[in-house]
2 protein chains.
Amino acid sequence: MTAPQPEPRPAVPGLDDVVEIRRSMPQASVERLPGYLRVLTELSSHGVTSASSQQLAELAGVGPAQLRKDLSHLGSHGRRGVGYDVDTLRERVQTALGLVVELPVAIVGAGNLGHALANYSGFGARGFTVVALLDASPALVGTEVAGVVVEDVARLAEVVRDLEVAIVVIATPGDQAQRVCDVVVGAGVREILNFAPRALHVPEGVELRSVDLGSELQILAFHSRERSGRPQV
Amino acid sequence: MTAPQPEPRPAVPGLDDVVEIRRSMPQASVERLPGYLRVLTELSSHGVTSASSQQLAELAGVGPAQLRKDLSHLGSHGRRGVGYDVDTLRERVQTALGLVVELPVAIVGAGNLGHALANYSGFGARGFTVVALLDASPALVGTEVAGVVVEDVARLAEVVRDLEVAIVVIATPGDQAQRVCDVVVGAGVREILNFAPRALHVPEGVELRSVDLGSELQILAFHSRERSGRPQV
DNA sequence: AACTGTGAATGACTTCACAGCC
DNA sequence: GGCTGTGAAGTCATTCACAGTT
């Protein structure tokens with residue numbers, strides 16, 4: 001569940017390739033930051049002010065060396081011999097993740113999943129606001145879900161621009177996903193989260209993440225079989 | 001969203017380490033198989049009988065070389081100069097994923113998400129049957145959702161054993177997830193899909209995959225900021 | 001001529017192990 | 001003594017490029 005595109009991150013064609021200013025973080029590290037943030041927020045809310053990489057790693061479910069290296073990409077924020085200041089680090093990670101302001105999210109597809117996502121309280125608690133919910137079904141358009149009136153998907157581009165949507169969640173049936181995706185990209189959105197069971201194609205520069213519930217179960221099924229079944233053919 | 005455990009797959013301590021019998025597939029390849037299966041099923045239903053790695057890869061959103069290498073782990077099934085037989089390959093991938101029989105799935109947590117998952121039609125279509133739905137709330141226990149009566153979560157171990165559940169989906173609030181997980185593992189289940197926003201700990205030999213909606217959005221937010229925001233600090 | 005299957009090359013990520021600091 | 005930050009080593013994954021097959 002990741003960007004499935006075979007885009008081999010193009011080398012920077014900059015003039016001055018001597019000085020590498022882009023101190024970019026490895027994708028794998030980025031994907032662990034939300035986990036660290038969760039742990040730090042939890043500790044903070046319990047009044048814990050300091051923690052070692054050992055402790056944080058245990059809670060986040062990773063190795064201590066990995067956590068330290070991940071955090072080192074954000075700069076030095078721990079104190080040798082002591083550990084990390086929980087609140088300072090939390091704020092640092094939060095900033096790195098761009099969660100200083102609430103980001104407006106639109107959900108396309110108000111079926112089972114879209115409905116559940118709109119009601120999911122975790123969004124608000126984690127820095128996002130669902131500002132729009134859209135669907136193609138006339139029966140749903142106009143109804144209110146989670147405090148938001150469902151709009152016609154035909155108004156998608158308009159809504160995205162008017163509300164300055166930063167991230168679009170696609171929760172439509174598979175056969176409509178690519179069409180919706182194209183409209184969304186056309187409207188200028190560059191962060192898309194796809195729940196439809198299809199591989200979507202996006203132009204370079206657009207970040208796409210896909211989560212497919214069926215696939216997750218199938219991956220588990222593979223391991224289940226690997227154990228009890230015969231060792232392939 | 002992957003197994004977050006820092007378990008460094010222990011080297012086989014076998015007596016005869018000369019002959020490596022375990023021709024196991026790389027985890028990364030396993031994670032792409034469901035995508036290939038989806039593409040093959042779709043082509044098959046459209047009456048397409050043959051396809052090249054080029055075509056399949058395009059549809060699956062990966063590179064052709066990667067697809068060929070992934071498939072090579074299942075043995076040779078393509079024909080040089082020609083391509084792959086869609087139906088043969090589909091069956092082969094399906095078998096590798098252990099989808100020869102319908103696998104019984106239990107969902108713990110009948111809130112927004114659990115509800116949506118139970119109603120998600122994709123499960124049945126992909127080789128799984130939701131045989132049980134459990135919740136802690138007395139208001140929900142006894143009600144019927146998606147043709148299944150909601151059971152009390154206290155009966156979890158019992159239900160898992162009686163119905164021979166192969167995979168458990170955890171869709172509870174975060175603070176109950178680890179407790180539920182422990183019970184599930186205790187009941188003998190070795191494949192768990194977690195949607196609760198927590199890092200769960202499982203003993204070796206249990207396969208755990210975690211999907212956290214909030215984290216997915218935060219990862220997108222990181223890239224959003226990377227673009228428009230200042231280049232860190 | 002077209003296309004697969006795969007060793008070899010490259011690249012990415014993780015873990016180790018230890019110097020440096022508190 | 002305890003713990004971070006990080007180069008170096010090790011592991012795993014992707015891509016290349018071509019020999020082999022139809």
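Each chain gets a letter, A, B and so on, in the order its sequence line appears, and its residues count up from 1. Only heavy atoms go into these numbers, but all of them, side chains included; no hydrogens, no water, no symmetry mates.
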(message) What I want to check is whether an N or O donor and acceptor connect the side chain of B:Arg80 with the base of D:dT22 at under 3.5 Å.
(response)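 By the distance-only test, no, there is no pair.
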Spacing between [X] atom [atom1] and [N] atom [atom2], to the nearest angstrom:
| X | N | atom1 | atom2 | value |
| --- | --- | --- | --- | --- |
| B:Leu71 | D:dT15 | CG | P | 15 Å |
| A:His77 | C:dC21 | NE2 | P | 18 Å |
| A:Arg92 | D:dG5 | CZ | P | 13 Å |
| A:His73 | D:dG5 | NE2 | C1' | 11 Å |
| A:Tyr84 | C:dC21 | OH | C1' | 13 Å |
| A:Gln27 | C:dA12 | CD | P | 12 Å |
| B:Asp70 | C:dT6 | CG | C1' | 13 Å |
| A:Met25 | C:dC13 | CE | P | 12 Å |

Hey, is [X] close enough to [Y] for a salt bridge, meaning N to O under 4.0 Å?
| X | Y | result |
| --- | --- | --- |
| A:Arg92 | A:Asp87 | no |
| B:Arg79 | B:Asp85 | no |
| A:Arg227 | B:Glu191 | yes |
| A:Glu42 | B:Arg198 | yes |

(message) Stem list for DNA chain D, please, built from Watson-Crick and G-U wobble pairs under 3.5 Å and keeping only runs of at least 3.
(response)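 Listed by first number, the stems are C:1-22 with D:1-22.
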Heavy-atom side-chain proximity of [X] to [Y] below 4.5 angstrom:
| X | Y | answer |
| --- | --- | --- |
| B:Leu193 | B:Ile170 | no |
| A:Arg32 | A:Val62 | yes |
| B:Leu71 | B:His77 | no |

(request) Report the C-alpha distance between A:Glu31 and A:Arg209 in whole Å, list the side-chain angles of each, state the deciding distance to 0.1 Å, and finish with yes or no for salt bridge (Lys or Arg N to Asp or Glu O under 4.0 Å). (result) CA-CA 11 Å; A:Glu31 296 185 355; A:Arg209 295 185 64 82; 3.2 Å; yes
Nearest to the [X] side chain among [options], which nucleotide is it?
| X | options | result |
| --- | --- | --- |
| A:Lys69 | D:dA8, C:dT6, C:dC18 | D:dA8 |
| A:Val82 | C:dC22, C:dT14, C:dT6 | C:dC22 |
| A:Gln66 | C:dC16, C:dT14, D:dT21 | C:dT14 |
| A:Pro26 | D:dG2, D:dT22, C:dC13 | C:dC13 |

(request) Could you check which residues of residues 48-57 of chain B get a heavy atom under 4.0 Å from DNA chain C? Sort them by number, please. (result)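 Going residue by residue through residues 48-57 of chain B, the ones with a heavy atom under 4.0 Å of DNA chain C turn out to be B:Ser52, B:Ser53.
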(message) Taking the nucleotide of DNA chain C with the nearest heavy atom to each, does B:Gly78 or A:Gly81 sit closer to the 5' end?
(response)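 Residue closer to the 5' terminus by nearest nucleotide: B:Gly78.
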(message) Check whether B:Arg38 reaches the backbone of B:Leu33 with its side chain - one donor and one acceptor, N or O, closer than 3.5 Å.
(response)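 Side chain of B:Arg38 to backbone of B:Leu33: no pair is present.
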(request) Would you please name every residue forming a side-chain hydrogen bond (donor to acceptor under 3.5 Å, both in side chains) with B:Gln54, sequence neighbours left out? (result)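 Partners of B:Gln54 by the side-chain hydrogen bond (donor to acceptor under 3.5 Å, both in side chains) criterion come out as none, since no residue qualifies.
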(request) Return the 5'-most residue of the pair A:Gly83, B:Ala28 with respect to DNA chain D, ranking by each residue's nearest nucleotide. (result)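 Going by which nucleotide is closer to the 5' end, it is A:Gly83.
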(request) Mind checking A:Arg68 for me? I need base, sugar-phosphate or nothing, with any heavy atom below 4.0 Å counting as a touch. (result)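 The answer is base, as A:Arg68 lies within the cut-off (heavy atoms under 4.0 Å) of a base atom.
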